[in-house]
There are 2 protein chains.
Amino acid sequence: MTSEVSLRERKKQATRAALSHAAWSLMIEHGLQAVTPETVAEAVDVSPRTFRNYFASREEAILYGLVRRAGSIADALRARPAGEPVWDSLIEVLPDMVAGLLGESRDLLLLMHAILRDPAMFAQHLVAFEHSQELFAAVIAERTGTDHRYDLSPRLLAAALGVAMRTAALAWAQSETDVSIADLIRRCLMELRAGIPLGES
Amino acid sequence: MTSEVSLRERKKQATRAALSHAAWSLMIEHGLQAVTPETVAEAVDVSPRTFRNYFASREEAILYGLVRRAGSIADALRARPAGEPVWDSLIEVLPDMVAGLLGESRDLLLLMHAILRDPAMFAQHLVAFEHSQELFAAVIAERTGTDHRYDLSPRLLAAALGVAMRTAALAWAQSETDVSIADLIRRCLMELRAGIPLGES
DNA sequence: CCGCTTTCTTTCCCGTCCGGCAAGTTTTCC
DNA sequence: GGAAAACTTGCCGGACGGGAAAGAAAGCGG
């Protein structure tokens, strides 16, 4: 009963999580240039070669945690009342949950700066969001009774969510005022639901 | 009058275009693995080192043409009548222009397969779209009289356009039926303008 | 038209990174 | 308990990235 998955699998997941966590911590504490297969592997007490078996790049390791958290957001969406309109679920769940999962705002700021400075980080964060979107697309498709592999709308909406979160995060990182990231995400989502009305003169 | 930019600058642009074009052609004709700094440089008759002075990776070279074309789409948007609502301009211009600029549908299919197969291509195509979105955000901000550096809406809309085009391209590449890419883009845009209404039961 | 300066191209080269391979270790399964 | 499968590790070769300096081309002043 303790093992619905094998010991082997649990160890692998643990190692992957530990490596990812170590990569993240190293970046927060010592900057991006301090994150290398060697330093990360040493922190987890495995060989550098093993690090490369788990992650194709240091960027992937750093951002892996975000994809995991996207998974838990998707689970939270699944847990919403069955009849609730999807847009309502999203606007209810996403802003606070994203803000909650991101942790220290100082950490997020460091991450955003790394993403904006380093081309490899920038590219990889786009990939991470893309992977997260697949998770969201699956949930949305479940809840609307469509198939996200064949129907446009779920994928479009999932992609729009990614856009909302990235746009909000960017605006947050660049703004001098300290509006909350949750509010920014909420505003982006509501604009999207309204069809991005441009107040044109 | 022929030279509003210097000869030097024109030569650089020509070299960049030639390298990008060669990289694209090589991919279409001989597959992704045939595209290397060496082969591309040879096709343009420059040194491999020069190729790397222009592009950070083969993927960047292959996709550079797409970003250029995004620029010409942005120009087309600028040329629309001043009073026209932005969404109308977009729906009017984007679908046909994208389809027209992409050329042979067989080529596009090869590109999509390369993007879906190769992680580096996948990452780079996201970056290319991101760069294109900055161009679109600038146009939208001009036409709505907002500043895309401080206002959310133009960036959100520009990002949504990228999403529409990528989602459409993906659906097109995966569909067995031969709907036109222009129609798919139009459908995505109209769904976005309508706030992605999900026909929920 | 001619040198001088600036910018780009090219060659050479070295350190780093990536990933295949095979030996050693751990887990699984019967 | 022992064979088979899966994972970890060190080693290694080839690819890649980019610095430095010489050579070629373009711009600029006379």
Side-chain angles (χ1 to χ4, degrees), chain A residues 1-23 26-27 30-64 114 117-124 127, chain B residues 1-23 26-27 30-64 114 117-124 127:
Chain A
M1 170 160 182
T2 51
S3 67
E4 53 186 6
V5 291
S6 67
L7 168 63
R8 188 161 253 160
E9 192 60 25
R10 271 181 290 136
K11 280 199 163 187
K12 274 179 65 174
Q13 294 307 328
T15 305
R16 175 170 273 113
L19 286 169
S20 168
H21 184 261
L26 275 169
M27 185 196 70
H30 301 103
L32 197 56
Q33 83 291 341
V35 185
T36 68
E38 285 71 24
T39 57
V40 176
E42 189 182 16
V44 182
D45 207 47
V46 295
S47 75
R49 187 66 184 82
T50 295
F51 174 87
R52 293 203 205 97
N53 286 341
Y54 280 91
F55 296 106
S57 65
R58 62 176 187 175
E59 290 80 15
E60 195 179 312
I62 293 171
L63 295 169
Y64 175 72
R117 252 187 261 284
D118 188 292
M121 275 295 283
F122 186 80
Q124 193 62 40
V127 173
Chain B
M1 169 157 185
T2 52
S3 68
E4 53 186 9
V5 291
S6 68
L7 168 63
R8 190 160 254 159
E9 192 59 27
R10 272 180 290 137
K11 278 201 164 187
K12 274 179 67 172
Q13 294 308 327
T15 305
R16 174 170 272 113
L19 285 169
S20 167
H21 184 261
L26 276 170
M27 185 197 69
H30 301 101
L32 199 55
Q33 82 292 341
V35 185
T36 68
E38 286 72 24
T39 57
V40 177
E42 189 182 17
V44 181
D45 208 46
V46 296
S47 75
R49 187 67 179 80
T50 294
F51 174 87
R52 296 214 203 95
N53 286 341
Y54 280 91
F55 296 106
S57 65
R58 61 177 189 175
E59 290 81 15
E60 194 179 312
I62 293 171
L63 295 169
Y64 174 72
R117 253 187 256 284
D118 187 291
M121 276 293 285
F122 187 80
Q124 192 62 41
V127 173

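Basis for what follows: all heavy atoms, side chains included, without hydrogens, waters or symmetry-related copies. Order of the sequence lines fixes the chain letters, A, B, ..., with proteins taken first and strands second; residue numbering starts at 1 for each chain.
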Just the rounded figure in Å: distance from P of dC17(C) to CG of Asn53(A).
17 Å
If you only use heavy atoms from C-beta on, which nucleotide in dG10(D), dT11(C), dT28(C) is closest to the side chain of Ser47(A)?
dG10(D)
Start with the C-alpha distance between Ile62(B) and Gln124(B), add both sets of side-chain angles, then the distance that settles side chain to side chain contact (heavy atoms under 4.5 Å, CB included), and finish with yes or no.
CA-CA 10 Å; Ile62(B) 293 171; Gln124(B) 192 62 41; over 6 Å; no
Options dT9(D), dG18(D), dT9(C), nucleotide nearest the side-chain atoms of Arg52(B):
dG18(D)
Please report, rounded to the nearest Å, how far the P atom of dG19(C) is from the CZ atom of Arg58(A).
15 Å
Atom-to-atom span, CD of Gln13(A) to P of dC7(D) - whole angstrom
11 Å
Begin with the C-alpha distance, continue with both residues' side-chain angles, and end with the deciding distance and a verdict on side chain to side chain contact (heavy atoms under 4.5 Å, CB included) for Arg16(A) and Phe55(A).
CA-CA 8 Å; Arg16(A) 175 170 273 113; Phe55(A) 296 106; 3.7 Å; yes
Set out, in order, the CA-CA distance, both residues' side-chain angles and the distance that settles salt bridge (Lys or Arg N to Asp or Glu O under 4.0 Å) for Glu38(A) and Arg52(A), then state yes or no.
CA-CA 10 Å; Glu38(A) 285 71 24; Arg52(A) 293 203 205 97; 3.7 Å; yes
Does Thr50(A) reach the side chain of Tyr54(A), with side-chain heavy atoms less than 4.5 Å apart?
yes
For nucleotides 20-25 of chain D, give me every protein contact, N/O to N/O, under 3.5 Å, one pair per line with atom names.
| unit_1 | atom_1 | unit_2 | atom_2 | d |
| --- | --- | --- | --- | --- |
| dA25(D) | N3 | Arg8(B) | NH2 | 3.2 |

Can you measure Glu38(A) atom CD to dG15(C) atom C1' for me and round it to whole angstrom units?
13 Å
Quick one: is Tyr54(B) getting a side-chain N or O under 4.0 Å of the dC8(C) phosphate, OP1 or OP2?
no
Heavy atoms from other residues, nucleotides or ligands near CD of Glu60(A) exceed 12 (cutoff 6.0 Å):
yes
Can you list the steps and then say if Arg8(A) with Gln13(A) is a side chain to side chain contact (heavy atoms under 4.5 Å, CB included)?
CA-CA 9 Å; Arg8(A) 188 161 253 160; Gln13(A) 294 307 328; over 6 Å; no
CZ of Phe51(A) versus C1' of dT16(C): gap in Å, rounded?
15 Å
Whole angstrom value for the distance that separates P of dT9(D) from CG of Asp45(A)
8 Å
Pick the nucleotide of DNA chain D nearest each of Thr36(B) and Glu9(B); which residue has the one closer to the 5' end?
Thr36(B)
Grab the two heavy atoms, one from Ser20(A) and one from Ala61(A), that are nearest each other, plus how far apart they are.
OG-O, 3.0 Å
Rounded to the nearest angstrom, tell me the gap between atom CG in Leu19(A) and atom P in dT8(D).
9 Å
